[in-house]
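What follows is a short report on a single structure.
The first residue of the sequence shown is numbered 1, and numbering continues consecutively from there.
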Amino acid sequence: MTSRLAIYHPAGRVGLGENVFGKDIANFELFQAMVRHGGLKQVDFLTHAAIKAEDLARSLVGETAPGTRVTTASIMAQSVAAEAGALLRGGPRLEDLAWQRRRTVGDRAYSLMGLIHTIAPPTMRQEIAMSTVAPTQAWDALICTSPSVQSAMTSMFDEWTAYLADRFGGKAQPRPQLPLIPLGVNTAALGGAADRLDVRSATRESLAIGPDDILILWVGRLSFFEKAFPQAMMRAAEEAAQATGKRVHFAMVGWFPNGAEGERMYRQAVEAHAPSIVFHVIDGNDRQRLATLWSAADVFISLVDNIQETFGITPLEAMASGLPVIVSDWDGYRYTVRNGEEGFLIPTLGGPEGGFVSDLVGEHALGFKSYQQYVGIIAQHTAVHVGRAAEALIQLIQSPDLRRRMGEAGRRRVRETFDWSVVAPQYTALATELAAIRQASDDPRTLSRKHPVKGDPFHDFAGFATSTLNLETRLRLREGVTAQSVENVRTIELDMFAANWRGTVEEALRVTQLLSNGVVLTARELLTAFPAPRRRHVQMSLVWMAKQGFLDWL
């Protein structure tokens with residue numbers, strides 16, 4: 001078994017400031033875990049900035065002397081990586097490292113291990129794809145944190161190398177392995193903070209939450225364009241409150257990338273969609289406050305709808321804290337949460353392939369649309385089933401015993417599968433496996449009209465959703481939905497986001513009319529009611545209407 005590992009960390013210093021992104025937290029905790037739980041004798045940090053090894057070790061594990069020796073050196077000292085046998089990077093870009101390896105110590109000197117945090121940005125996908133035209137080898141790896149990412153990356157590499165073969169001829173060249181290793185959490189620390197009954201009482205009292213009230217908790221970046229549009233969660237909370245008669249609180253803990261404007265839009269939406277719930281916005285940079293909220297909450301919810309998300313740490317943190325979870329049936333979430341055991345997976349509906357989405361890809365590629373606009377437009381046409389989310393909330397609100405059982409199941413699952421003490425040794429085992437491939441390896445490569453990397457997102461990410469809209473998808477109005485329900489969206493900014501990428505409100509009203517009185521129609525039957533030039537737009541409206549909770553597709 002490998003006893004030494006090099007880690008490429010350009011910044012040198014480690015730690016968490018304010019407004020941190022999930023990947024930064026994940027990398028920090030991964031580096032900690034490799035020192036504490038990796039079963040290694042030595043970890044070598046290769047950096048761009050000069051930093052003393054003792055200072056780096058202290059920032060990772062505190063004053064406690066780690067059982068693993070920590071050293072630091074420049075990334076230019078490639079002999080250190082060669083002596084370690086493997087170099088881990090907390091990101092997926094291997095191209096430059098592979099060339100640096102070839103230039104200095106040779107391809108067979110050590111293995112490269114990159115970590116994929118997100119595959120949504122087309123530029124990121126292109127960077128990952130470039131590893132096939134760099135001197136990467138079969139003894140290198142790009143670590144996938146969920147089966148959905150692993151599947152999407154396999155497809156992307158297949159299509160990309162097929163394009164290269166068609167363009168240039170020849171055979172497929174070596175490409176990195178795509179092993180599956182999840183991210184992890186510190187189960188003991190989270191569980192210890194969540195189990196303090198005195199903290200639970202004091203925190204709930206500070207938020208004016210009564211003993212019989214229900215607190216639903218969201219934790220994460222408050223970004224509708226990069227994380228989740230909140231309307232489905234708001235609507236589900238409102239429906240659950242109405243059905244149970246309970247006083248329901250919904251606390252969203254995080255930070256707004258677009259500041260006060262973002263908070264204003266969220267508050268406008270909650271006033272429209274969930275007027276009876278008590279809404280709290282709490283600063284996620286206050287980590288002590290967050291620790292108290294894990295103990296104060298009754299249910300965790302995260303109905304992510306964005307291709308930016310590929311794993312999801314916060315559901316694991318909630319499970320480690322003993323909370324039942326309600327999450328969208330989406331990429332990494334369906335890997336970590338088992339429906340009906342630790343919580344509920346809520347069905348999702350991705351948009352249809354083809355049509356004018358290629359215009360969006362082109363506009364983003366040429367700089368007309370920012371990355372945030374790109375993923376936000378896609379997310380606004382990705383639906384999470386409001387009715388199923390409400391049903392899940394109702395069950396959990398009505399049954400303290402179900403909340404307890406699911407919370408206990410979540411703790412067991414995290415402790416056995418996703419604790420860093422379980423995850424970190426998998427990195428060490430991978431380094432050992434790659435070394436064996438490196439020591440006994442030969443060298444190992446089809447036809448596509450579309451760009452294999454910057455393709456149609458509803459094709460590339462079709463596997464994220466439970467199902468995708470097709471012409472035979474059967475649709476009906478959800479109970480209680482009227483023309484006025486649809487008309488009301490004109491006044492809600494979040495609901496009207498990216499309105500020019502779908503049909504008009506008038507066309508949505510026409511769909512409502514066609515499905516009135518309990519009529520069930522396929523998407524094909526609905527679209528034939530509109531002029532041919534408008535059908536692609538109306539098709540997108542069907543997903544958007546499902547997203548808004550107007551249409552049921554199950």
Side-chain angles (χ1 to χ4, degrees), residues 21-23 25-26 91-92 114-122 124-125 128 142-157 178-185 218-221 223-229 232-233 300-319 325-339 342-351 353 371 374-385 388-389 413-414 417-418 423 453 455-469 543 547:
F21 287 72
K23 67 177 179 62
I25 297 173
L115 176 57
I116 298 175
H117 286 290
T118 182
I119 58 174
M124 179 69 71
R125 290 161 62 80
I128 294 171
L142 283 164
I143 298 165
C144 304
T145 57
S146 75
S148 294
V149 172
Q150 189 181 47
S151 176
M153 287 291 90
T154 299
S155 296
M156 188 198 79
F157 274 119
L178 295 171
L180 172 63
I181 303 179
L183 297 176
V185 294
W218 152 282
V219 177
R221 197 156 72 251
S223 169
F224 63 86
F225 43 81
E226 281 184 315
K227 277 292 179 183
F229 278 86
M233 294 180 282
F300 176 82
I301 192 168
S302 183
L303 301 186
V304 160
D305 54 16
N306 202 292
I307 59 175
Q308 166 71 20
E309 186 68 79
T310 49
F311 181 77
I313 283 287
T314 54
L316 290 182
E317 293 176 331
M319 290 156 64
V325 298
I326 299 174
V327 297
S328 44
D329 186 9
W330 190 254
D331 59 58
Y333 281 15
R334 74 163 66 99
Y335 172 45
T336 56
V337 179
R338 296 172 297 188
N339 188 48
E342 299 84 23
F344 296 95
L345 289 173
I346 307 305
T348 53
L349 183 69
E353 296 183 23
Y371 171 68
Y374 170 75
V375 291
I377 290 167
I378 296 166
Q380 181 66 341
H381 300 92
T382 301
V384 184
H385 201 285
R388 292 287 175 87
R413 177 149 173 80
V414 173
T417 308
F418 299 107
V423 173
V453 178
D456 181 341
F458 291 121
H459 165 75
D460 295 339
F461 303 99
F464 279 33
T466 312
S467 59
T468 58
L469 182 75
V543 187
K547 179 182 185 66

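Once rounded to the nearest 0.5 Å, the distance linking CD1 of Ile326 with CG of Asn339 reads 10.5 Å. With rounding to the nearest 0.5 Å, the separation of NE2 in His381 from CZ in Phe229 is 9.0 Å. Remark: Leu115 CG to Ile143 CD1 distance equals 6.0 Å, nearest 0.5 Å. Note that the CE atom of Met319 and the OG1 atom of Thr314 stand 11.0 Å from one another [nearest 0.5 Å].
Pairing each heavy atom of Ile116 with each of Pro92, the nearest pair is CG1-CB, 3.9 Å. Counting all heavy atoms, side chain and backbone alike, Ala318 lies closest to Val325 at CB-CG1, 3.8 Å. Looking at every heavy atom in both residues, Trp218 comes nearest to Ala228 through CH2-CB, 4.0 Å. Considering all non-hydrogen atoms of both residues, Pro179 and Leu142 come closest at CD-O, 3.4 Å. Annotation for Ile307 and Pro457: closest pair CD1-CB, 4.4 Å, computed over non-hydrogen atoms. In plain terms, the two heavy atoms of Tyr371 and Ala120 that are nearest each other are OH-CB, 3.2 Å.
Evaluation of the side chain to side chain donor-acceptor pair (under 3.5 Å) rule for Gln380 yields no partner, not counting sequence neighbours. For Thr417, the side-chain contact (heavy atoms from CB on, under 4.5 Å) criterion is met by Arg413, not counting sequence neighbours. In this structure, Tyr374 has no side chain to side chain donor-acceptor pair (under 3.5 Å) partners at least two apart in sequence or on a different chain. Every residue meeting the ring pair (Phe, Tyr, Trp, His ring centres under 6.0 Å) condition with His385, not counting sequence neighbours, appears here in chain and number order: Trp553. Qualifying side-chain contact (heavy atoms from CB on, under 4.5 Å) partners for Pro147, counting only residues two or more places apart in sequence or in other chains: Leu180, Tyr335. In this structure, the side chain to side chain donor-acceptor pair (under 3.5 Å) partners of Ser302, at least two apart in sequence or on a different chain, are Tyr333. Residues forming a ring pair (Phe, Tyr, Trp, His ring centres under 6.0 Å) with Phe225 (at least two apart in sequence, or on another chain): none. Listed by chain and residue number, nothing satisfies the salt bridge (charged side-chain N to carboxylate O under 4.0 Å, His left out) test with Glu317 (two or more places apart in sequence, or in another chain). For Ser148, the side-chain contact (heavy atoms from CB on, under 4.5 Å) partners two or more places apart in sequence, or in a different chain, are Ser146, Asp331, Arg334, Phe464. Partners of Asn306 according to the side-chain contact (heavy atoms from CB on, under 4.5 Å) rule, which considers only residues two or more places apart in sequence or in another chain, are Gln308, Val375, Ala379.
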Kindly indicate, with the supporting measurements, whether the criterion side-chain contact (heavy atoms from CB on, under 4.5 Å) is fulfilled by Thr336 and Phe311. CA-CA 8 Å; Thr336 56; Phe311 181 77; 3.8 Å; yes
Could you please spell out the steps behind the side-chain contact (heavy atoms from CB on, under 4.5 Å) verdict for Val414 and Val185? CA-CA 8 Å; Val414 173; Val185 294; 3.4 Å; yes
Checking Leu303 against Asp305 for the side-chain contact (heavy atoms from CB on, under 4.5 Å) test, could you report, in this order, the C-alpha distance in whole Å, the side-chain angles of both residues, the deciding distance, and whether it holds? CA-CA 6 Å; Leu303 301 186; Asp305 54 16; over 6 Å; no
Audit row: Ile128, Ile119, side-chain contact (heavy atoms from CB on, under 4.5 Å) steps and yes/no: CA-CA 9 Å; Ile128 294 171; Ile119 58 174; 4.2 Å; yes
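Under a 3.5 Å cut-off, the side chain of Thr310 and the backbone N or O of His117 do form a donor-acceptor pair. The closest donor-acceptor contact from the side chain of Thr145 to the backbone of Leu183 lies at 3.5 Å or more, if one exists at all. Looking at Thr348, its side chain does come within 3.5 Å of a backbone N or O of Thr466 through a donor-acceptor pair. Remark: side-chain polar atoms of Gln150 are not paired, donor with acceptor, to backbone N or O of Met153 under 3.5 angstrom.
With a 4.5 Å cut-off on side-chain heavy atoms, Val327 and Val304 do not count as touching. A heavy-atom distance below 4.5 Å is not found between the side chains of Phe461 and Asp456. In this structure the side chain of Leu349 reaches within 4.5 angstrom of the side chain of Ser467, judged on heavy atoms. Within the 4.5 Å cutoff, the side chain of Leu345 has heavy atoms near those of the Val337 side chain. Contact check for Thr154 versus Leu178: side-chain heavy atoms found under the 4.5 Å cut-off.
Using a cut-off of 4.0 Å between Lys/Arg side-chain N and Asp/Glu carboxylate O, Asp460 and Arg125 are scored as salt-bridged.
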